[in-house]
Every structure is written in C-alpha cells, then in structure tokens.
Amino acid sequence: MNLHNASMLRVAVGVSLIGLTASSLSAQTQDYIEGRKLSAEEIRQAKAEAVPGKQRYHAGVTFSANDITIKDAVNAIARQAGLRVIFDSEAALNRKLPEVNIKAVPALKAIETVLKGSGVTVTEAKDGNTVLLRSNKSEKDSTERKREVVRTISGKVIDGSGRKPIAGAVVSIPDFSVVTDNNGNFQFRNISSGSHTLVTRMLGYTVSNHVVRAQDSDVKDIVITLHFMPERLAEVVTTGAGERRRAEVGNSSTVISADSIVKTSPILSVEDLIKSRSPGTQVLMSGGTVGSGSRIRIRGVSGLLTNSDPILIVDGIRMDATYTTKTGASPGSSTSGMGKNQASGGVSATSRLNDIDIETIESIEILKGPSAASLFGSDAANGVIVIKTKRGQAGPARWSLGLNKGISKMNATFPNAYFAWGSGSEWSTSRNCPLYSVAEGICEQDSITSYNPLNHRVSTPFGTGSNTSLNAQVSGGTSQIRYFLGVTRTNEVGLLKMPDSEKQRILPLRRGAPLPAWALRPNVNKSSNLSANFATDISSDLNVDIDLKVMSGYHRDAQQSAGSFISEAITGLGYRDSIGLGWGDRGPAAYFLERTSDAVKRASGALNARYRLSDKIVLNGTGGADFSNRNDERLLRPEDVLPTNSLRNGLTKYRSDIQTITSNLSGVFEMPLRYGIGSRTTTGLQFLRTSHSSLRVSVSNLAPGRDVIDAGTVDGTPSEGRYDVATRGWFVDQHFSLRSNLFVTAALRGDVGSSFGSESKAMLYPKFNASWLVSEESFFPANRFLTNLRVRTAFGQAGIQPGSSARFRSYNSTNLWVDGSQQPAFYISSMGNTKIIPERSMEFEGGFEAGILDDRIVLDLTAYYKRVNNALVVKPLPESFGMTRRMENIGDIKNTGTEASVTLRPIDMDKLTWSVTSGYSSTKNILLRLGSTYTQQTSGTERYVEGYPLNGQWARPLLAYNDDNQDGIISYDEILVGDSAVFLGTSLPKYEMFMSNNVGFWNGRVLFSTAFSFSHNMTQTNSVTLNQCVVERCPDALLPGTSLASQALSQTMRNLSGGVRNLFATHETVSWIRWGSASLTFQASPEIAKRLKSNSLSVSLMGRNLGMWSNYKGADPEVNANGNGNFTRDTGMVPQTRDWTIRINLGF
Amino acid sequence: MRNLNKVTLLILLSALHACSWDIKSVNNPDDIVDPRSIETQTGVISLYKNIVNRFSAVFAGGGTGAGSSFVYATALAGDELLTDANPLISLRRLGIGDGIISLEVQAPWYNLHATRLHIDQTVGLAKKFSNQLPDDYLVHMYAMRGYISIFIGELYCSGVAFNRAIYGGDLEFNSGIPTQAVFERAIADFDSALSLNPDSARFSNLAKMGKARALMNLNRYNEASALVGDIPTSFRFQIQFASTFTNFVKETYNLTMTDRLGTNGLDYFSAGRLEDRDGDGTPERDPRMEYTTSSAVVGQLPVKSSSVSDPINLTDGLEARLIEAEALLRDNDTTGWAGKLNNLRRSGLSIPMDTISPDSTLSAGPMLREDVMFRERAFWLYVTGRRFGDMRRKVRQYRRSTNEVFPVGLHPTLNFVDKVFSGNPNLAPPQSEVDNNPKYSGCFDRNA
C-alpha cells in the first residue's frame, strides 16, 4: 500500500458504509476479514487516507470447496488475491454453500459469485486492496419474496472449438451447482424466477458467465460455449509438492484432457493418448500388432546404462510402467527372450503403461524433466507421467455406456523378393544369377521374377483385425460422499492370420493333427478393467479419497522381425508356386504355431487424505500399493513342429511379480505476509519401495499335447531373481506470491536409497522457478493484440538411480573341484562401487505464453538446457585389479531443445467453429564425456561416442566406387569402404511437429477432427533391406541397368567371408508425415436420445493411420525394435495398421 | 492449544512413520550372494575353496582359464610346447605380448591378478576369524599369493603394476615396479606364511619352496639353498586339474612336445625317443622325457601329463635338490653339484640314467656346466611352469644373450611358417593396463 498517496483514497460508500483507515488496515495481519463497525471518524479517515494501489480485484483466483461457509469462501478468495475484506454483519456470511467451484475468475467477481443470494453486496475500495461487504438482506429478501416463482433452467455446455459437448462441467448459480452429463446437458429445477448468472467451469476452459432471465417461464435449450483456455493459467497442474495453479508454476508441462479425446478419437492405449499431444514427448513404437508397447522419451534420451523411461504416477501413487523388449525377457532387460531353441524372430514389446484403462482417465500430465520433477527425487530425471482418473460428482447417479467396434487392415506394401534366373556352364540347374556373377562370367541371366507373398491376397498373413470395447461408468453421490465406478472390457484381434495357402501346405505335414486356434489368429490382446473411487468428507476438515483398480489382461503375438515370416517373404524365391506361396525356407506357420503370450493380473489401491489442521495448515497423506503379476509363456508343441523346420519343441515360462509401495506425507502452511506477499510452505516425506521377483523355467522334449513344465526335460538352469529398491526422501518447498502476479518457488529434495553406495551421502536436488503474469501488471497496456503474457523460468535437478546391486561387492556361489571333490564355494562377481550415486540431471528452462487477439491465437514457447552429470558408465579397469570393469558416475550428457505449441481459433461462431492445435519440438543430444572406451560399441551400429548423440548410428562408409572394367556392373573389388565407422545420424527424430484440426457444425451437433504428425531427420537401420541384399534378393544386386551407385551399396552388404559387409547401406535418414487420425461425430438430438431411453447419444466414426508419406524405403519408419535404450532398427516388425472404429456413447 | 496438540501428534506420527521406512531392510538381488552373509567363518571357508580352485586353474589349467594357465603360457613362450593353433601361438607371432589383441593371450594376466584380488579380499576376512580357522588357511593363501607374484615376475616384463581394490570399495591405482620388487613382494608373502608357524609340513614346505624360488630369481642362491635343506626329496605339492586339461592339450590347441625349437630349444622329444644313443646295441631314452602318441594327438605328449588324473607339481623336493645343486655350482663346488644331480638321477627312475661326471664330462668349462644345470632342471621340471623363468634367469643372472637362450629364426609351424620368433624374452601386460591406469605407462624394459 502506498501511504504517500493516502489522500487519494476514494471509497464507494453504500447505504451502511464500513470503512477502515489505511493505517489500521496495515495492522491487520491475522485475518483478512474485519468484522466490526467503524466509527464515523474511521470512515472519514478511510476516505481521506486510502490510496490507489494495484488492482487486485482482477487477479485470477481458483477455489473449490464443498460444504463451506460464505465467510470461509470469501476468506480463501481474498487470501489468494491478497485482498482485505471489511464487512458489517458476520451473521449473513455464516450460511453454508454446498459447493463452490471457481476457476480463474477475477477476485471481485469470485466474491460476488460466492455472495450471490446472501443479501450481501460487495464494493471495491479504490486502494485496490480492500473490498467492502455490506448487508442489504432485509431489503432484498422482501423484494424477492414478492417475486418468488419456481422455474426450471436447462441447456447444454459445448466446446467452443469443436462444438463437442462437454461432460463433467460444473454449472453454478448461487446456492446450487449441477454437473453436465455425457452429452453436456444440465438442468436446474425449482429455481426462483428472475435473472440468474450461470457460472460454468471446466478444467482447461475459460469460465463462462451466462445471464438468463427466468422471469415468466422456464428457460430451456441454453447453449453455453466454453472456450479452451489457451494460456491455461488457471489449470491445476501437478508438482512434487502438490497441485498448483499453472500460473504459479515456472516450468512447462502438458495436460492432456483424456476424457474428451477418448470419446471422439481412435484411442486404443495410453500411448495413443500421449503420442503427438505433447511437444518434446516422443513415443517410439515397437510394432503394429495389437498389444504392442512403446518406449516414451521426454526431451530425448539421457542415459547410457540407466533407462530413459519416465516414471508413472496414477492417482498419487507410483505404478509400474515397465517396458519389456520381448516377451519373456527380464523387466528392463534387453535379453533375447525365451525359447532360444525355437523359431527365431522378435516379438513385439509390451508396456505396463497400457494396463491403465483409458476410459477412466480424466487427464494425463507430462512433467518434462528435472525442472518440473525435482521433488519427485531420484527416479524422476526422465520426466513424470501423472495420470488422474475420473472422480465422482455430487448429484444423482449418472450412467454412461460406450461401445467401440472397429476393424484394422494392412495398408503397407512390402518390397518384392527378386530372383534372377540364370544358367552357368558349371551349373546343372537354373540358379540365382546376380549381376556380379554375370560380370565374373559365372552365369548369364535368363529371366527375372519378383514376388512377395505378403502383398497378395492368396498368400498374405494379413487379414482383417477387429477390436471391440465396451465400457460402463456410473458416478454420483452427495456432497459428503461421491463415487465413481467404471468397467471396461476390450477384445482386440490382430490382423495376422494363417493364410489358406499355408494351411494347405502344412495340413498334410501334420498327420491329421488339427491346427490350434492360436496359429490361426496368433495376435490377440484382451483386457478387463475395473476402476472405482470414493471421495468422502468425513468432516469439514477431513477429506478422504479411496481408489481401487483391478486389471486382467492377456496378450498373444506372433514371431515377427528379421528372421521371421516377414524376412521369409522378402527373401523368398521371387515367384508364386502352385499353391500361392513364395516364402523362403519356412512359411508363416513355422512362426504362428509357436504360442507366445503374456498374461497380466494387476491390482492397485490408493488412499489420499487431506486434513485441515487450521486455517493455515493443511496436511496431506497418500498411501498406496501397486501389484502386478505377469506370466509369460512360449510354447512349441511337438505336434506343431513341422518336419521341414528342424525346430526343437519346448516350453518356457516366466513369471514375475512387481510390487510398488508409495507412502507420502506432507503439510502445507500458508499465510499472508505484508505488502501483498503471500507465503506457502510445503514440506513432506516420501517412502517408495519396489520389489521384483521372477522365476524362469524352460523345458524341451515335451510330451505331445502337454503344455506344462513337468511334461518336458528341463533345459539349462531354472533361474530365480528377486530384488528390492527402496528410497526415502523429504522435501521443503517455499512459495511466494506477490500481488498474485509474480510467483517464486524455491525447493529442495533430499533422498537416500538402498541402491546408493554405502559411502554416498544423501542426494540433494534443488529447485527454483518463477512465473510472472506480465499482462496483469498495471503498466501493461490494455490491447486486443496481446491479451495475455506470462514469462516463466525454472531450474531443477533430479536423479536416476543405479541398479540395485551396483553398490556392493557381490559374490556368486558355485561348486568347484577342490582337493579331488566338488565343493561349494563363493567367488567375487563384482567389486561394486561403494560411492555410486544416482545420475544427477540438471535442467534449466525458460519460456513464455502469450494470448493474441483475444486469445484466438495462443503461443507457448519453451527452450530448455538439460545436462546429466555423473552419468553411469561402465568404466574399464586395468586388469591388474583382478576385475575388468566397474560402474562409475563419470559420464556427462547434454540435451537441448525448443518446444512450441500454437492454438488457433480462426472461426468461432455458433454454426461453425474451427480450431487448430499444433506443436513443435527440436531435440539435440550430445554425449559430452564418456570417461571410458568400454561402452563405445553398444548393439549393432549404435554407439556411444563423445561429442555425438547417444545411440548414434555408425558404420563404415562406402567411400568410392568405380566401374574399372567398364562392364556396367559394380563388383566387390570395385568399391572402396572406409576402415573406420563414421557417424550417420541420430536414432531419434531431431524435429517433430503435430497438428490437429477440430471443426464443429451446428452448435456442435457434428464434429470433425483430424490429426497429422511430422517427424524429421531420424536415422535407422533398415534390416529388411539388409536381409534381402545379403541373400541377393534385392533388385539392386540383380536388375540390369541398376545405377552404379545402387549396385555399389548392395555390394557393401554382401555376406562374404572376410569381406567388408557392413550396415552402411542399410542406414536411412528419414522423414515422414502421417495422417494420424480423422473422426466424425454426430450428436443426436434429445428427442432421438430419448427414444433410446437415454439422456444423450453420440456416434463417432473414427479412422486411424490414414496415410503416410515418407522417403523411407521400408514399410513403416515409426515401427522399430531392438536397440540399446532406444528403438533404432527396423527389424521387420509388422507396420502400423489402418483402423476404422465406430463408437457409440450413451448417457443416462 | 488444540492445534498444538495436533501438531505434536502429527510430528510423533511422522517420526514413527519415517523410522519404519528402513531402506536398508530391502532384499538384495537374489542371484548374487549378499556380502554380509560372506563375512562369517563359513563364508571365509567357501571363499578359500574358490581361491584354491582358481589358483589351480591359473597355474595348471582346468576350470576357469584352462587355455591360458601359467604352465601352458610359459611352455609356449619358452621352448617346451608347440602348437599350430590360435591364439596361444600369437604369444610368439605378436612378439610375445606386444600389441596383444587376443583375449586368450590377455587371460593369464587377468587370471593371475583376479586370483590375487580374491586372496587380498579373503585374507582380511580370514584374519577376522583367525581363531576359528586352522592356520593353514592363511598360510596357504599367503603362499598362493606369493606364487602369483612369482608367476607375474617370471612371465612379464620389468615394470608391472599391482593395483589394489581395497575391501571397503576404494580403488588404489599404482605405478609399475621392477621385476626385482615383484619377487620381493613374493618373499614378503612367503615370510608372512612362515611366520604363522604352519600346522602342517606340507604348507610350511610350500612356503619355503616358494620363497626359495623367489630368492633364486634374485640371485640369492645360498639363501635359497639353506631354506630348502630340510625339505625331503619326496615332497610334492600338487595341483590337480580337471578334464579341461586333456581337451585343451589334445583337441583345442593340439599341443605337442618340441625338439630343439628355434635352434636354442632343448631336445625334449629326442631325449624321450627310444634309441641306442651310446652304441651298445641297447636302445635307451631319458625316462624324464618319456612321451606318448595317439590318434587324437598330432605330435607327442609327455607321459606324465597325458591323463586327466595326472597332477602337476607346483613345487616338490626335486626342485629343492636342484636349488641346492645350483647353489653349489655357483660356489664352484662342481663335485657337490654333480653329486646332487646324480643322486636325483639314481633316485628311483624307471630307467637308470647315466651319471654326470663333474670333471670329464664338463671339461669344457663352467658354461657347459651351467647348460647342464638348466637342462637338468628343464627335464626334471618339464611343463611345470619353471622353464620360462629359468630361461630368463639364464639371461639375467648367467649373462647369456637372449638369442642364445630363446628360440630364434623362422617359426616351424604350418600356420606361421613365415613368421619369425620374437626376440622378446617376456610378455608385456595388455594395452588396457596402459589405457586404464593413469599411473602406468608400460614396461620399464623388455630385457630378461
């Protein structure tokens, strides 16, 4: 308050004015509300001395509460805005409101909203800091009693951008709130006649104030349009210290409103929800078959030995999101899976992230790195995915049903296998005659054929897949107890099928044994989910939420990848034989007859409690556990071994249990300081423990018809593994706000963990961030062009823990030949590193959000610098230590990038709306310091080299070629290949963009949405091409007239003994545009809905993966497998399919 | 006051809760053994068993490091055995350790130090439980560590580093030390063993013989001789090896006995051939070099090492007598020297051997007597890991040139027919030592 200008105070005086001198105001520090009558002299002084100050009345406030007195509500609003409130009658403010939901409303309006119907009016003082409340109850009551007639007000809430109905929006008039149903409908009954302001709020949208006059009749069919809140400043976002308004937080994060997306977009998994919706978040797909999992990278890859996966938190508790590269492999391991003696070839990966039922998700938040995730501690450096599931709302039971029915088809084509039929003087039969053999005079080409059975109806194993999903949800309750219950059943059948021609081929070989069902449709994915939560207000001070989730799933997939049926097809004979085949040595039956599956059972529970100890202190506690049990199986029965395959029958079973326990306790102490400064201190404790146990047994020589372990002979040694990792942490978070425009937060997290070395100290992770609402400042010119502007910056550190055993000297047990007999003995297997600590990631980011032209254009730009110090590296040791390597914290990695999102609303009319949302990100990754040469070579052509990106692609280059003998053919001795590998490119796209368009017609009755994505500059190994050229089935090695350059590249891939075969030619730096989805939604009129005895009905037709344009020679540049940390190789996994789905939503 | 009580209750609950979050109560990985469970008397015994087995392998083959044991590495680096197969042949082809790229060739270096690491780590624990363990455990471990130093000193160049992994977890990087210091390290270990007054003569004799061998390498013959005087000729400390040995010899590397390898090599094979050497019409051979052949073997195998169950003597009473003989020779007591050798030649061999006359046979002078001395050692101790060290001693302590002692000229095997024997009389540590030890820069010199 500016006391020097006290004389300029102007106070609007009402009928019964209450005033306060500026000096006395400054003395009030304990409570915002003054409840005493002032003397005439004090009023006079207030007039004379109050000063104009900053306009806090317009400061945006967000406040939600149930069963709260008007006084407490006003108090809370005033606290947020830094306002002082003076009133004359406390009695008028003691009435309770059943529910208050205020989001991003100017403080003065917020107070007005709370006071509606109370008979108390609010007046602003010109000092900008004080509001005066006065009671005119008696006058108002008498007036309203005269007018009181009961009316009904009903209508619909729709999305302004796409005209989609908005379910779950809260529409309020004084004393009463209702929640919209699945079709966005709401209704107030028994409302007094007169004018009412309907205040409508929904997460992610601006608040709407809609005035209706229900004077002489009921009011129906009101359409309230909510606009996406571009600056999203009032959104509640998650931080390690709890939920905060976005405006207060200095780091960037993405909130995905999953509920509305799932209903109108072709979404099959959590990964689908994340993909192309958050700049800087990359979803790396492992395969196109149903149930395939993905790896998620946020702001690039940042570890050599540790994985770069973000952690997952669902409804407050940590949950397992383990990504398994192949069925049967150990969690997080890249080992080669089960059944080593059986058919080779990869199986698509699975991800436990997709166990979460997408139908019950309300929102997904992505915290992108240490600057946002510091307080999540020693696991959070790669970011945090926070999922919140739907909650119950007070009111009668609201039912909704959703039915999805879809099909999937293959829309990719595969390269033909070529065969140059030739004759040679020393050949007795016609054989493949490549160009170089022609040049060497070994043979002459007679004819060339080409064929790929994957591309032909008679022989293709790609049929029509299907997906069916049914979900039912019910929610409701009272203001004291609210509930939500959702059940979802999903059944996906992948498009893989046994071709009829293949059945013809193998049935005679099976000696009458019928084909098992799994071989006919080898790829299925089924799941059943139940999700429930209950929120109870045990008292006005104590709220408890209980969440329960149960899931059961089964996933079966066929052998794919290089070395499987896809490889067979592209390296086949190049022609179609009598029964329509054209495979190589084996047909798809060899792979489909092997049953590879994983079954999951999962349960999680969480209890969140909030206890208001006093007006200034709130305590929060969260406890929960997540249990998952996975049973993997790989079975090849004796009767399914084809005589031509020379495979060995066998069965491998792998069982793993993962338990994660979360326990959080925190307290928030909030109080105003002087000069408009607010303070909030949060401190907390966290305990996290993850336990793994697994058992793997393999048998072979199975008895026919048996698929149990005891029906075979144990292969190798059964293995059992068990380990725990526990972390204990604490944090302090101090937040200051100044005039509700400037927010500064400083915090510190400390961790100790069971995986830290015994000599290591507690890890400390500091955090600092600031957010400034520049456009709220008085000096900011009011203009239509730049409506909103916020600048922000954040700094933070977080960690990634080492493995559970890296810290200590470990021993293995064995039986040894000592003194003429076998005796048990121990030997040192690892010396461990007692000083090992988590990798420390430091991140600095800055950016701004701007609303332009009344927020028709909203721009969000962020640049970040992330550096990983102490990256864990296997350091080679001089062997005179008696050990060759040890894990040490010696690596440094740097990630930099920019992220931008733009939201446009070019057309915003009742009959037509059009909105565009787009995102862009660039990522640059460099390994600054390796401190070691041991791990330079990782897998295949991936390498870790200082000065280059992690998982970069390296190969010996083709330096030159020359047709020395002028015969038009490049032979092996006419190429020059470099002696050492050179860097070819990064394994993640450097640049990515996405864009979605939403068009609404006729007040949202018809919605059209479509989405595109663009990825640029990713280098990968095309193993499909490699496999084809190695066996000389690629056109470049066979076709006359092939360019010399192409011939030269094909020569580098020849599999010559002692030759220079390398993977240079298989590397492609690719870009692609994908038409990801399109959907058309029809919202039925209420009359039609009623015919189905429902309140609402909508039908959506959705298509996915509708087109792809790329310079990539393979089938799908986005589907990769293998790789150390990233997916870096197109190993021939089944590409993404084109899906068409129809969805019906019914609300009751 | 009400709030104060709440806060107090909360603090108490939090403290209680925090105390229960014991991160150290976690289960360690199940597929490895928790170090805490090793730090017991039974744990020490199990570690000791492993060391015994590991030492056996690193010395003689069998189990871990079969193809890279000290016995076979030295046999190939010297003149005892020959193979036409990779990779041990590269000991010669690559100049005996220069620019080593083969892991198999690097293995002796690693295996020797890995065994030393295990002993280092276990000795500390064994001391902790010394009152619950027989002294022989410690004696044996000290002795084995002493032998490890001898092996390193005899096989590798001057200037090798002995880095140390401290039990708590720190790593101690060290500079190289000369060969002399390596043998002094060995002596220190043998002294430690002997200072414990071993329970059994077997381990006492083992330590004495080891110390004597180190002393011989330090040119301290009389001390060595005095130390082994009370060790009976019948003493044997044998290392038993597993079936891997025969696989290794017969199939994997196809080893065979040599004969005058590279001009300077001894006549091992010829000496074992049955022929009438003295023209008396009766064929005879040196019984110490008796060999056998079979369809599985391209060349010849010494009879004493042709069976799975045949042990190799790490040390024995024969070596004690040979040490005494050499000490006498150094004192120019040729009669005593010849007597020692002849006593051995008459000591129960299956085929009687001619005796050595100190006067008539050796009239050519001291150098010939020295040659006889080394030949006697080579034949008595054939393929037991002593010969390569002797060849180096002969250069270092008897002032012979390398080209006079080690094989020279073209390598005789088919695969390396155009390769010349390296002139290096020892191995260099792998390049990874230089790359990864900031205090180490390689051999001081490559002389013997």
Side-chain angles (χ1 to χ4, degrees), chain A residues 613-614 617 619 663 665 667 685 687 689 691 693 719-728 730 752-754 757-759 803-805 808-814 816-820 823-835 875-884 886 932-933, chain B residues 3 6-7 10 13-14 17-18 21-35 38 43 46-50 52-54 56 62-63 106 109-110 113-118 120-121 160-165 167-171 173 240 242 429-430 432-437 440:
Chain A
L613 195 63
S614 71
I617 299 176
L619 305 176
S663 176
L665 201 59
L685 301 168
F687 178 72
R689 178 171 177 153
S691 305
S693 64
S719 61
E720 182 176 6
R722 187 178 71 235
Y723 67 93
D724 292 349
V725 177
T727 310
R728 191 172 64 213
W730 53 266
V752 290
S754 65
S758 58
E759 293 183 50
S804 61
S805 61
F808 52 51
R809 183 180 58 260
S810 59
Y811 299 87
N812 272 359
S813 57
T814 184
L816 294 175
W817 187 260
V818 179
D819 293 337
Q823 299 192 32
F826 288 130
Y827 64 91
I828 299 171
S829 60
S830 163
M831 280 303 294
N833 184 346
T834 54
K835 293 176 180 170
K875 181 181 179 180
L877 294 174
E879 291 175 337
S880 54
F881 271 117
M883 51 186 173
T884 56
R886 189 170 80 152
S932 160
T933 55
Chain B
N3 282 350
K6 287 179 179 175
V7 171
L10 176 75
L13 283 172
S14 301
H17 201 194
W21 297 348
D22 181 6
I23 58 167
K24 300 302 181 191
S25 68
V26 297
N27 294 314
N28 287 317
D30 221 30
D31 51 349
I32 60 173
V33 180
D34 187 336
I38 296 293
S46 296
L47 285 167
Y48 166 78
K49 304 275 187 195
N50 168 65
V52 172
N53 177 274
R54 186 175 283 268
S56 163
Q106 286 188 33
W109 175 256
Y110 167 73
H113 283 288
T115 308
R116 183 176 63 82
L117 166 79
H118 277 79
D120 285 351
Q121 301 284 309
V160 291
F162 283 75
N163 295 317
R164 193 163 72 104
Y167 192 76
D170 274 345
L171 299 179
F173 290 86
Q240 192 162 20
S432 59
E433 279 302 305
V434 179
D435 293 342
N436 301 314
N437 182 352
Y440 185 65

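Each chain gets a letter, A, B and so on, in the order its sequence line appears, and its residues count up from 1. Keep in mind that the numbers below use all heavy atoms, side chains included, and drop hydrogens, waters and symmetry copies.
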Practice problem: Examine distances only and state if a side-chain atom of A:Glu879 and a backbone atom of B:Glu433 form a donor-acceptor pair shorter than 3.5 Å. | Solution: no
Practice problem: Could you tell me the separation between the CG atom of A:Leu877 and the OH atom of B:Tyr110, rounded to the nearest 0.5 Å? | Solution: 10.5 Å
Self-check item: Smallest separation among heavy atoms of A:Phe881 and B:Arg164, with atom names
Solution: CE2-O, 3.2 Å
Quiz item: Minimum heavy-atom separation for B:Asn437 to A:Pro878, with atom names?
Solution: CB-CG, 3.8 Å
Self-check item: Minimum side-chain heavy-atom gap A:Lys835-B:Leu171 below 4.5 Å
Solution: no
Exercise. Drop me the distance from A:Ser880's OG to B:Trp109's CH2, to the nearest 0.5 angstrom.
Key: 5.5 Å
Quiz item: With only heavy atoms counted, which part of B:Tyr440 is less than 4.5 Å from chain A, the side chain, the backbone, both or neither?
Solution: neither
Self-check item: Heavy-atom pair with the smallest gap, counting every atom of B:Asn50 and A:Phe826
Solution: CB-O, 2.8 Å
